[in-house]
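Notes for the one structure printed next.
Just so you know, ligand 1 is whichever comes first in the structure, and atom 1 is the first atom listed for that ligand.
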Amino acid sequence: MGEENIWESRYQAGTTGWDRGSSSNNLSYWLDNDLLKPCRILVPGCGNGYEVLTLVSLGFDVVAIDIAPSAIKNLQAMLDKESLKAEIVLGDFFSWEPKEKFDVIFEQTSLCALPSELWEQYETQLHNWLKPDGKIFAAFMQTGREGGPPFHCELSDMVDLFPSEKWDWSNEHTEQEKEPGMTERLYILGKR
Ligand SMILES: C[S@@+](CC[C@H](N)C(=O)[O-])C[C@H]1O[C@@H](n2cnc3c(N)ncnc32)[C@H](O)[C@@H]1O
């Protein structure tokens, strides 16, 4: 079964344990602390994309991509209902290039959804998609267990994956509980 079908079948079966049902505390943290201001922003692996609605309604120029048709359909329906507009892409981000680069990438539960063999390729894409002074607003998933998805994003592995020659790491901003036993550690990574 291809990657698209694996994710699509999860949406069709309603087995979307990662889905928060509303815009995340991660995004609220960045917004409430005035760290994230309206700009051109990408949400890769957006899923149902509640954060996309929040961002668009605050004046961000949002592009969101997901490989699962049902997720994209749900997101488009939510946007239409609120008469909001974003560029919504159905596709595989490994074979996609944006028309224009981004100021910010909102990375939430996308990296950790991928097996670690794909992480370097993903990091290369993130770097390419950003403008020269662009930033990733990242939430690194901590599951403390083997296997996935979600796959555990050990901080030392993240530092290796996003090396300091290419990325300027902030200090840790905060740690958010995703669900009991799972947290997300928030960092801003500036493109060098
Ligand atoms: C764990 S879900 C997270 C969804 C969303 N970020 C959230 O926080 O609810 C991972 C998402 O990545 C999407 N995805 C996985 N591989 C992808 C790929 N190669 N290209 C685009 N989307 C992909 C899946 O369809 C799924 O919606």
query: So, is Asp92 polar-close to ligand 1, with some N/O to N/O distance under 3.5 Å?
result: yes
message: With heavy-atom distances below 4.0 Å as the criterion, list the atoms of ligand 1 near Tyr11.
response: 26 (C), 27 (O)
- request: Mind checking whether Ala71 contacts ligand 1 via backbone (N, CA, C, O), side chain (CB onward), both or neither, at a 4.0 Å heavy-atom cut-off?
  value: neither
message: So if I count the atoms of ligand 1 from 1 in the order they appear, which ones are less than 4.0 Å from some heavy atom of Asp66?
response: 11 (C), 12 (O), 13 (C), 21 (C), 22 (N), 24 (C), 25 (O), 26 (C), 27 (O)
statement: Contact region, Cys46 to ligand 1, non-hydrogen atoms below 4.0 Å, reads backbone
Contact atoms of ligand 1, heavy-atom distance to Gly91 under 4.0 Å: 20 (N), 21 (C)
query: Any donor and acceptor pair, going by atom type alone, linking the side chain of Lys131 with main-chain N or O of Asp103 inside 3.5 Å?
result: no
- prompt: Glu51 to ligand 1: N or O pair under 3.5 Å?
  reply: no
Check against side chain to side chain contact (heavy atoms under 4.5 Å, CB included), Asp34 and Lys37: CA-CA 7 Å; Asp34 279 337; Lys37 306 261 174 56; 4.1 Å; yes
query: Can an N or O of Ile65 be found at a distance shorter than 3.5 Å from an N or O of ligand 1?
result: no
message: As a quick check of understanding, evaluate side chain to side chain contact (heavy atoms under 4.5 Å, CB included) for Asn48 and Arg20, giving each step before the final call.
response: CA-CA 9 Å; Asn48 282 330; Arg20 298 163 214 247; over 6 Å; no
message: Could you go through Leu55 and Leu27, starting from their C-alpha distance and side-chain angles, then the distance that decides it, and tell me whether this counts as side chain to side chain contact (heavy atoms under 4.5 Å, CB included)?
response: CA-CA 9 Å; Leu55 290 164; Leu27 181 58; 3.9 Å; yes
message: Closer than 4.0 angstrom, basic N to acidic O: yes or no for Glu184 and Lys178?
response: no
Numbered atoms and elements of ligand 1 in range of Thr109, under 4.0 angstrom, heavy atoms: 1 (C), 2 (S), 3 (C), 7 (C), 8 (O), 10 (C)
message: Counting only nitrogen or oxygen atoms and a 3.5 angstrom limit, does Ser110 reach ligand 1?
response: no
message: One residue to check: Tyr50. Relative to ligand 1, which of side chain, backbone, both or neither has a non-hydrogen atom less than 4.0 Å away?
response: neither
Over 12 non-hydrogen atoms of neighbours within 6.0 angstrom of NZ in Lys73: no
message: If I apply the N/O under 3.5 Å rule, does Phe93 come out as touching ligand 1?
response: yes
- prompt: Do Trp129 and Leu126 have side chains that get closer than 4.5 Å, going by heavy atoms?
  reply: yes
query: Ala113 heavy atoms, cut-off 4.0 Å: which ligand 1 atoms fall inside?
result: 10 (C)
query: Are any of the N/O atoms in Gly45 less than 3.5 Å from those in ligand 1?
result: yes
message: Would Tyr11 and Trp18 count as a ring-ring contact (aromatic ring centres under 6.0 Å, His included) here? Give the steps.
response: CA-CA 11 Å; Tyr11 284 99; Trp18 62 84; 5.5 Å; yes
task: Flag yes if more than 12 heavy atoms outside Glu120 fall under 6.0 Å of its CD atom; otherwise flag no.
output: no
